Asks: 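Sharing a structure here in structure tokens format.
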Amino acid sequence: MYEFMAWLEGSAFADTLRGLGIWTYGLLNLGHILGIATLYGAVLVLDLRLLGLWSSIPARVLARPTVPLAAGGFVLAALSGVMMLSFNTTEYHGNPFIYAKFPIIVFGLLNVAVVQRLGAWRRMTGGESPEPGDPAVLRVCGGLSLLIWTAVVTCGRMIGYW
Ligand code: HEM
């Protein structure tokens, strides 16, 4: 792991970023925060709906804006995060929060892939009538997703305090 971190920190990509000026890291951090806010805000609204809140609003209607917003927010957070990480990668060596954050992100992406293949999700987003077990399945999906992304935000915030 340390070898990979040292390689990333010493790469031409990281050198170029560090050479861009004193505002670069701050602007990347701003991009990261905006990405996180967009991702987590969208996930929070959709997952609380799946958990049963605001039942008068069809989940399919909420999914339309929140799913692409979450995807866009994730891309922004991931791009800015990789650039921030390459600035001084070896500083994070041994930091348990960064080591926990990446597997949880992978788990979160796998969860998205699985949920989008579920019949309950496809019926909900397609506006079809639900089958008897669908609300329970969607509640579990919403709860799990909220837990995962809350854990990612928590790990991210704690990295700096280790
Ligand atoms: C996928 C690639 C990602 C990478 C490589 C990455 C990397 C980083 C790095 C290097 C930091 C700075 C840590 C520090 O020195 O304090 C950070 C901060 C943070 N990250 Fe990420 N991150 C990624 C994605 C995400 C995602 C998807 C989320 C949340 C949904 C997230 C949440 C956070 C939070 C809350 C902070 C603290 C920000 C602050 O207080 O300024 N990260 N991340």
Side-chain angles (χ1 to χ4, degrees), residues 1-54 59 62-118 121 124-125 138-162:
M1 180 56 84
Y2 186 83
E3 286 72 22
F4 171 73
M5 288 176 145
W7 169 81
L8 182 59
E9 190 174 281
S11 66
F13 172 69
D15 261 355
T16 308
L17 280 177
R18 282 189 297 264
L20 288 177
I22 54 162
W23 291 98
T24 312
Y25 190 89
L27 290 172
L28 288 173
N29 202 9
L30 173 65
H32 205 56
I33 296 289
L34 291 175
I36 297 158
T38 308
L39 165 63
Y40 194 79
V43 158
L44 184 64
V45 170
L46 183 59
D47 288 348
L48 288 178
R49 173 63 191 85
L50 296 180
L51 282 168
L53 258 75
W54 313 303
L62 279 183
R64 217 179 298 145
T66 49
V67 171
L69 272 177
F74 178 81
V75 170
L76 182 56
L79 290 177
S80 53
V82 168
M83 290 193 250
M84 282 160 67
L85 187 67
S86 59
F87 250 74
N88 39 17
T89 325
T90 52
E91 259 184 36
Y92 300 110
H93 181 63
N95 187 318
F97 293 107
I98 206 147
Y99 291 156
K101 183 173 157 176
F102 295 128
I104 305 174
I105 289 176
V106 172
F107 193 52
L109 295 177
L110 286 175
N111 184 52
V112 172
V114 169
V115 168
Q116 298 208 334
R117 278 164 185 75
L118 291 178
W121 173 266
M124 185 272 282
T125 49
L138 293 173
R139 256 198 307 279
V140 171
C141 295
L144 189 61
S145 160
L146 202 51
L147 211 67
I148 291 170
W149 294 111
T150 302
V152 175
V153 172
T154 305
C155 287
R157 194 63 196 92
M158 292 302 143
I159 292 169
Y161 292 96
W162 177 257

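Along the sequence shown, residues carry numbers from 1. Computed from a prediction, not measured in an experiment: that's the story for all the values here. In each ligand, atom 1 is the first atom listed, and ligand 1 is the first ligand listed.
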Asks: Using heavy-atom distances only, which candidate in F102, W162, W149 approaches atom 3 (C) of ligand 1 most closely?
Replies: F102
Asks: So which heavy atom in the protein is nearest atom 14 (C) of ligand 1, and how far is it from that ligand atom?
Replies: Y92 OH, 3.6 Å
Asks: At a 4.0 Å threshold, what atoms of ligand 1 neighbour a non-hydrogen atom of I33?
Replies: 38 (C), 39 (C), 41 (O)
Asks: Any idea which atoms of ligand 1 are less than 4.0 Å away from a heavy-atom of G156?
Replies: 18 (C), 19 (C), 20 (N), 33 (C), 34 (C), 36 (C), 37 (C)
Asks: Taking the side chain as everything from C-beta on, heavy atoms only, tell me whether T125 gets closer than 4.5 Å to V67.
Replies: no
Asks: Evaluate the side-chain proximity of L146 to Y40: yes if any heavy-atom separation is below 4.5 Å, no if none is.
Replies: yes
Asks: Do the non-hydrogen side-chain atoms of V115 and V112 ever get within less than 4.5 Å of each other?
Replies: no
Asks: If only atom types and distance count, is the side chain of S145 paired as donor or acceptor with the main-chain N or O of C141 below 3.5 Å?
Replies: no
Asks: Once you restrict to heavy atoms under 4.0 Å, what part of H32 touches ligand 1? Side chain, backbone, both or neither.
Replies: side chain
Asks: Looking at I105, which atoms of ligand 1 are within less than 4.0 Å of one of its heavy atoms?
Replies: 1 (C), 24 (C)
Asks: Under a 3.5 Å distance rule, please check whether Y99 uses its side chain to pair with a backbone N or O of G94 as donor and acceptor.
Replies: yes
Asks: For F87, state whether at least one heavy atom is located under 4.0 Å from any atom of ligand 1.
Replies: no
Asks: Please list, in number order, the atoms of ligand 1 under 4.0 Å from a heavy atom of V152.
Replies: 26 (C), 28 (C), 29 (C), 30 (C)
Asks: So is Y25 in contact with ligand 1, going by heavy-atom distances below 4.0 Å?
Replies: yes
Asks: CZ of F13: more than 12 outside heavy atoms within 6.0 angstrom?
Replies: yes
Asks: Give the numbers and elements of all ligand 1 atoms closer than 4.0 Å to a heavy atom of I159.
Replies: 13 (C), 14 (C)
Asks: By number and element, which atoms of ligand 1 are closer than 4.0 Å to a non-hydrogen atom of N29?
Replies: 41 (O)
Asks: List ligand 1 atoms under 4.0 Å from G160, heavy atoms only on the residue side.
Replies: 16 (O)
Asks: So do the side chains of R49 and T66 get within less than 4.5 Å of each other, counting heavy atoms only?
Replies: no
Asks: I'd like to check which ligand 1 atoms, numbered from 1 as shown, lie under 4.0 Å from a non-hydrogen atom of V153.
Replies: 29 (C), 30 (C), 35 (C)
Asks: Less than 4.5 Å apart, any side-chain heavy atom of L50 and any of L62?
Replies: no
Asks: To which protein heavy atom is atom 2 (C) of ligand 1 closest, and what is the distance rounded to 0.1 Å?
Replies: A78 CA, 3.7 Å
Asks: Relative to atom 42 (N) of ligand 1, which among R157, M84, M83, K101 owns the nearest non-hydrogen atom?
Replies: K101
Asks: What do the steps show when you test L17 against Y25 for side-chain contact (heavy atoms from CB on, under 4.5 Å), and what is the final call?
Replies: CA-CA 8 Å; L17 280 177; Y25 190 89; over 6 Å; no
Asks: Looking only at protein heavy atoms, which one is nearest to atom 32 (C) of ligand 1, and how far off is it?
Replies: I36 CD1, 3.3 Å
Asks: Give me the nearest non-hydrogen protein atom to atom 30 (C) of ligand 1 as residue plus atom name, then the distance to 0.1 Å.
Replies: L39 CD2, 3.4 Å
Asks: F74 vs V152, test: side-chain contact (heavy atoms from CB on, under 4.5 Å). Steps then yes/no.
Replies: CA-CA 12 Å; F74 178 81; V152 175; over 6 Å; no
Asks: What are the two closest non-hydrogen atoms of T24 and G21, and how far apart are they?
Replies: OG1-O, 2.9 Å
